[in-house]
Amino acid sequence: MLTRDQEISLAKEDRDHSQAVPPPLLGSAYALRATVDTLKEVAAGELPFDRTIKVSLTERLTKEQIQARMPHNLRTLDALIERSDRLFRDLIKRSTPESRKERDSHSAQALRGKSLQLVEELSLRTRRVTPLLKQLEAYADRMRDSRPLGRARRR
């Protein structure tokens, strides 16, 4: 049996973890950019900190710690996004050798992982990101609907 304090602590931890940004969502360049833009608005004072960022006492993460991380993390995220864009442009070029495409693909995955880590360190509330998932699903549906009939899928 747990004490009342232990139950409250576990409930808070569960709530905090359920509010984390879903990692697969930030695998999308669109969602990552939108997330970084939201964080920049918080840093600039254009969005309220407390309603946008999750401060977690169970993880010993204070508002001051998050604010101190923001400038560095946001600069690094901008650089990572720029590098990812360059890699993507090379990946879609027909003239890029397959060996380089494979290497660039691995590099792009590593950049996404680092980007996700930096975003998670800033504790953005999930409710600020989940609308992006609905937008991406709507875009995917529109793309599926607009695909010409009878055209063979490329593999």
Side-chain angles (χ1 to χ4, degrees), residues 13-56 58-148 151-155:
E13 278 185 45
D14 186 46
R15 184 196 66 217
D16 289 345
H17 290 296
S18 69
Q19 292 180 350
V21 176
L25 179 60
L26 293 183
S28 154
Y30 170 79
L32 179 60
R33 281 188 187 91
T35 299
V36 170
D37 288 345
T38 299
L39 290 167
K40 286 179 180 179
E41 289 178 37
V42 172
E46 298 166 11
L47 283 176
F49 186 95
D50 295 331
R51 290 187 177 177
T52 312
I53 304 297
K54 172 181 52 95
V55 176
S56 174
T58 57
E59 295 175 20
R60 293 175 174 68
L61 197 56
T62 66
K63 180 177 181 177
E64 293 74 21
Q65 288 172 315
I66 296 169
Q67 286 174 321
R69 289 177 182 174
M70 272 192 168
H72 173 72
N73 283 26
L74 290 173
R75 272 192 310 275
T76 305
L77 281 161
D78 282 340
L80 292 174
I81 289 170
E82 177 58 34
R83 283 178 42 201
S84 293
D85 287 348
R86 275 186 269 137
L87 285 172
F88 180 74
R89 284 191 298 271
D90 286 344
L91 282 168
I92 62 172
K93 284 182 189 174
R94 290 184 182 184
S95 61
T96 303
E98 287 302 316
S99 60
R100 183 166 161 207
K101 285 184 180 186
E102 188 174 330
R103 185 186 70 231
D104 286 355
S105 178
H106 291 295
S107 295
Q109 288 175 353
L111 291 174
R112 274 194 297 276
K114 179 65 175 170
S115 297
L116 177 59
Q117 179 184 356
L118 292 172
V119 167
E120 285 178 343
E121 287 178 3
L122 298 177
S123 290
L124 184 66
R125 290 186 184 273
T126 303
R127 65 188 157 114
R128 289 292 184 166
V129 180
T130 50
L132 296 172
L133 184 58
K134 291 184 184 355
Q135 287 177 342
L136 287 171
E137 289 171 347
Y139 293 151
D141 289 343
R142 285 194 350 227
M143 290 171 64
R144 276 192 293 276
D145 292 344
S146 67
R147 185 176 32 199
R151 190 171 182 191
R153 291 186 183 177
R154 292 177 66 186
R155 292 184 187 195

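Between Ala108 and Leu87, the shortest heavy-atom contact is N-CD1, 3.7 Å. Of all non-hydrogen atoms in Leu124 and Thr38, the two that sit nearest each other are CD1-CG2, 4.0 Å. For the pair Glu121 and Arg69, the tightest heavy-atom approach, listed with the atom from each and the gap, is O-NH1, 2.9 Å.
Here the OG atom belonging to Ser107 is positioned 11.0 Å from the CD atom belonging to Glu102, to the nearest 0.5 angstrom. Residue Leu116 holds its CG atom at 4.0 Å from CD of Glu120, rounded to the nearest 0.5 Å. Rounding to the nearest 0.5 Å places CG of Asp78 at 10.5 Å from CZ of Arg33. Here the CD1-OG1 distance, from Ile66 to Thr52, works out to 11.5 Å after rounding to the nearest 0.5 Å. The OG1 atom of Thr62 sits 8.5 Å away from the CD atom of Gln67 when rounded to the nearest 0.5 Å. Interatomic distance, OG of Ser115 versus CG of Leu32, reported as 5.0 Å (0.5 Å rounding).
Under a 4.0 Å N-O distance rule, the pair Lys93/Asp90 qualifies as a salt bridge. Here Lys101 does not pair with Asp104 in a salt bridge; the nearest charged N to carboxylate O distance is not below 4.0 Å.
The side-chain heavy atoms of Thr76 and His72, taken from C-beta on, include a pair separated by under 4.5 Å. Taking 4.5 Å as the limit, some side-chain heavy atom of Asp50 sits within range of a side-chain heavy atom of Lys63. Residues Thr35 and Leu77 have side chains not in contact (no heavy-atom distance under 4.5 Å, counting atoms from C-beta outward). In this structure the side chain of Val55 never reaches within 4.5 angstrom of the side chain of Leu61, judged on heavy atoms. Leu91 places none of its side-chain heavy atoms less than 4.5 Å from the side chain of Thr96.
Looking only at distances, no side-chain donor or acceptor of Arg83 sits under 3.5 Å from a matching main-chain atom of Leu111.
The neighbour count for Phe88 CZ, taken as heavy atoms of other residues, nucleotides or ligands under 6.0 Å away, does not exceed 12. For Arg89, the CZ atom sits in a packed shell: over 12 heavy atoms of surrounding residues, nucleotides or ligands are nearer than 6.0 Å.
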